[in-house]
Amino acid sequence: MLLIGLFAFGGLTVSVALSKGTHSAQATHAATKKEASPKMKHVLLIGANGRTSAEIIPRLLEQPDVRLTLFLRRASRLAHLQGQRVNLFEGDATNMDDLRRAVEGQDLVVSTMGGTDLDAKTANIVHATEEVGARRLIVLSAGGIYDELPEPFNAWDKHMVGQTRPVNLRTAQVVEQSSLTYTVLRPVWLTDKPTETFQLTRKGETYKGTKTSRASIGRFVADVAKNPMLYANDNLGISQAGTDGEMPAAYR
C-alpha cells in the first residue's frame, strides 16, 4: 500500500533456496536481483476515458514501477492502451460491487469524474476504498466551492457554473470526512494547453488564477504516485500562474 508508515513501495522479501545445507550461488544472485527491483505500484484511475485522464495516463506510465488500471463504462474505448502495465476495467461508479473489485489491491485511487451525481459517486468510491483497505485517494472537485475565487472572477464563475458548486462542495466534504489519506484537487476552467507547471492554494486561502491545464493535473497526480505522502490530507486549488483576471482569457 501507499502510506508511509502504513504501507510502502520498498523491495521484495525473497526466500533463498537451500539444498542439503549448501547455499546456491544461482539462488543468491536471483534473490539479489529481485531485491534490487522496485515493487510495482498499483494505481486505479476512475473516469479513465475523460480528457483530464488522457493527460494523467502517459505521465503515470513514465514511472516504470506503475501498474495502471483504467476504470470506465466501456472498456473498448481504451482497448488500444491495454498492455503489460495497463489493465482495463469495465464498470460503473454507481455499482459498489464494481468498485470493490476494481479497488482491490490498489495503492492509489484517482477519480477524475464529474457530473450532477459526483457527490454520490464519490461517496461510493470512498466507501469501497475504505472497505477493501486501500488508503490513498485523489479526487477532483472544483474551484469556487468555498467562494474562494477572487472577485470579480468569483461572481462571473458563479453566474456561469454556480449550479454545480453544491455537488462539488459535497464531493469535497465526503472525501474530507473519510478515514482515508486524501487529496481534494480544485481546478477551475480547464484547458488543453501542454503546460505542466502549476500553482497551489490551500483551503481557506484566496484562489489564484482563472485557468487550469489538464497537463498540470496529470503532472500533479504523477508526483503523488511517486511520493504518496505528498499533499496528504490537503484540499488544494490548482491553476496556472499569470492567468488572473475577471474571467478566463478565452471568454474576454
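Along the sequence shown, the residues carry numbers beginning at 1.
Here Leu140 contributes atom CG and Arg186 contributes atom CZ; the two are 11.5 Å apart, rounded to the nearest 0.5 Å. Interatomic distance, Asp234 CG to Thr181 OG1, rounded to the nearest 0.5 Å: 11.5 Å. In this structure, CG in Asp147 is found 9.5 Å from CG in Asp157, a value given to the nearest 0.5 Å. To the nearest 0.5 Å, atoms CG (Leu72) and CD1 (Ile46) are separated by 11.0 Å. For the atom pair CG of Leu236 and CZ of Arg202, the computed distance is 5.5 Å after rounding to the nearest 0.5 Å. The distance from atom CG of Leu45 to atom CD1 of Ile56, rounded to the nearest 0.5 Å, is 5.5 Å.
Contact annotation: the side chain of Tyr182 approaches that of Asn233 to within less than 4.5 Å [non-hydrogen atoms, C-beta and beyond]. Between Thr206 and Thr201, every side-chain heavy-atom pair lies at or beyond the 4.5 Å cut-off.
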Show your reasoning for whether side-chain contact (heavy atoms from CB on, under 4.5 Å) applies to Asn235 and Tyr146.
-> CA-CA 11 Å; Asn235 182 328; Tyr146 306 112; 2.8 Å; yes
Can Glu130 and Val126 be said to form a side-chain contact (heavy atoms from CB on, under 4.5 Å), step by step?
-> CA-CA 6 Å; Glu130 289 176 325; Val126 165; 3.8 Å; yes
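A donor-acceptor pair is defined here as one N or O able to donate and one able to accept, closer than 3.5 Å; no such pair exists between the side chain of His159 and the backbone of Ala155. A donor-acceptor pair under 3.5 Å links the side-chain atoms of Arg135 to the main chain of Ser179, judged by distance alone. No donor-acceptor pair under 3.5 Å is formed between the side chain of Ser216 and the backbone N or O of Glu196. Of the possible polar contacts, none joining the Lys226 side chain to the Gln63 backbone as a donor-acceptor pair under 3.5 Å is found. Looking at Glu90, its side chain does come within 3.5 Å of a backbone N or O of Ala75 through a donor-acceptor pair. Counting only distance, with no hydrogens or angles, the side chain of Thr243 and the backbone of Thr210 share a donor-acceptor pair below 3.5 Å. A donor-acceptor distance shorter than 3.5 angstrom exists from the side chain of Ser141 to the backbone of Asn168, with no hydrogens or angles considered. Put simply, the side chain of Asp117 never gets that close to the backbone of Ala120: no donor and acceptor are under 3.5 Å apart. Judged by distance alone, with hydrogens and angles left aside, the side-chain atoms of Gln240 form a donor-acceptor pair with the main-chain N or O of Ser213 at under 3.5 Å. Distance alone, capped at 3.5 Å, is enough to place a donor-acceptor pair between the Thr183 side chain and the Tyr231 backbone.
Scanning all heavy atoms of the two residues, the minimum distance from Thr212 to Val188 falls at OG1-N, 3.0 Å. Of all heavy-atom pairs spanning Leu180 and Leu137, the tightest one is CD1-CD2, 3.7 Å. Closest of all the heavy-atom pairs between Val224 and Leu230 is CG2-O, 3.9 Å. Taking all atoms of both residues into account, the shortest heavy-atom contact from Arg59 to Ala222 is O-CB, 3.7 Å. The minimum heavy-atom distance linking Ile125 with Leu99 is given by the pair N-CD1, 3.9 Å. Counting all heavy atoms, side chain and backbone alike, Gln106 lies closest to His42 at OE1-C, 3.2 Å.
Outside the 6.0 Å centre-distance limit, the rings of Tyr207 and Phe153 are not counted as a close aromatic pair.
In the displayed structure, Lys208 atom NZ is contacted under 6.0 Å by at most 12 heavy atoms of other residues, nucleotides or ligands. The number of heavy atoms from other shown groups lying within 6.0 Å of CD (Glu246) does not exceed 12. More than 12 heavy atoms of other residues, nucleotides or ligands sit less than 6.0 Å from atom CZ of Arg252. Residue-environment remark: NE2 (His80) exceeds the threshold of 12 foreign heavy atoms within 6.0 Å.
Linking Ile, Leu, Val, Met, Phe, Trp and Tyr residues whenever their side-chain heavy atoms come within less than 4.5 Å places Ile217 and Val110 in a single cluster. When hydrophobic clusters are built by joining Ile, Leu, Val, Met, Phe, Trp and Tyr residues whose side-chain heavy atoms come closer than 4.5 Å, directly or via intermediates, Leu81 is grouped together with Val43. Both Leu149 and Met160 belong to a single network of hydrophobic side chains, linked directly or stepwise wherever heavy atoms of I, L, V, M, F, W or Y lie under 4.5 Å apart. Under the 4.5 Å side-chain contact rule for hydrophobic residues, Val139 and Val132 share a cluster. The same ILVMFWY cluster, assembled from side-chain heavy atoms under 4.5 Å apart, contains both Leu44 and Leu118.
Ion pairing between Asp192 and Arg214 holds under the 4.0 Å rule for side-chain N and carboxylate O. A salt bridge does not link Asp107 to Arg136: none of the charged nitrogens lies less than 4.0 Å from a carboxylate oxygen. Residues Asp97 and Arg100 are paired through a salt bridge, judged by an N-O separation under 4.0 Å between the basic side chain and the carboxylate.
For the residue pair Thr112 and Ser53, a side-chain donor N or O sits within less than 3.5 Å of a side-chain acceptor on the partner. Looking at Arg219 and Thr197, their side chains never bring a donor and an acceptor atom within 3.5 Å of each other.
Each of Leu60, Asp65, Leu61 was scored for a side-chain contact (heavy atoms from CB on, under 4.5 Å) with Arg85, with one residue passing: Leu61.
The aromatic rings of Tyr251 and Trp189 sit perpendicular to each other, their planes meeting at more than 60°, with 30° as the lower class boundary.
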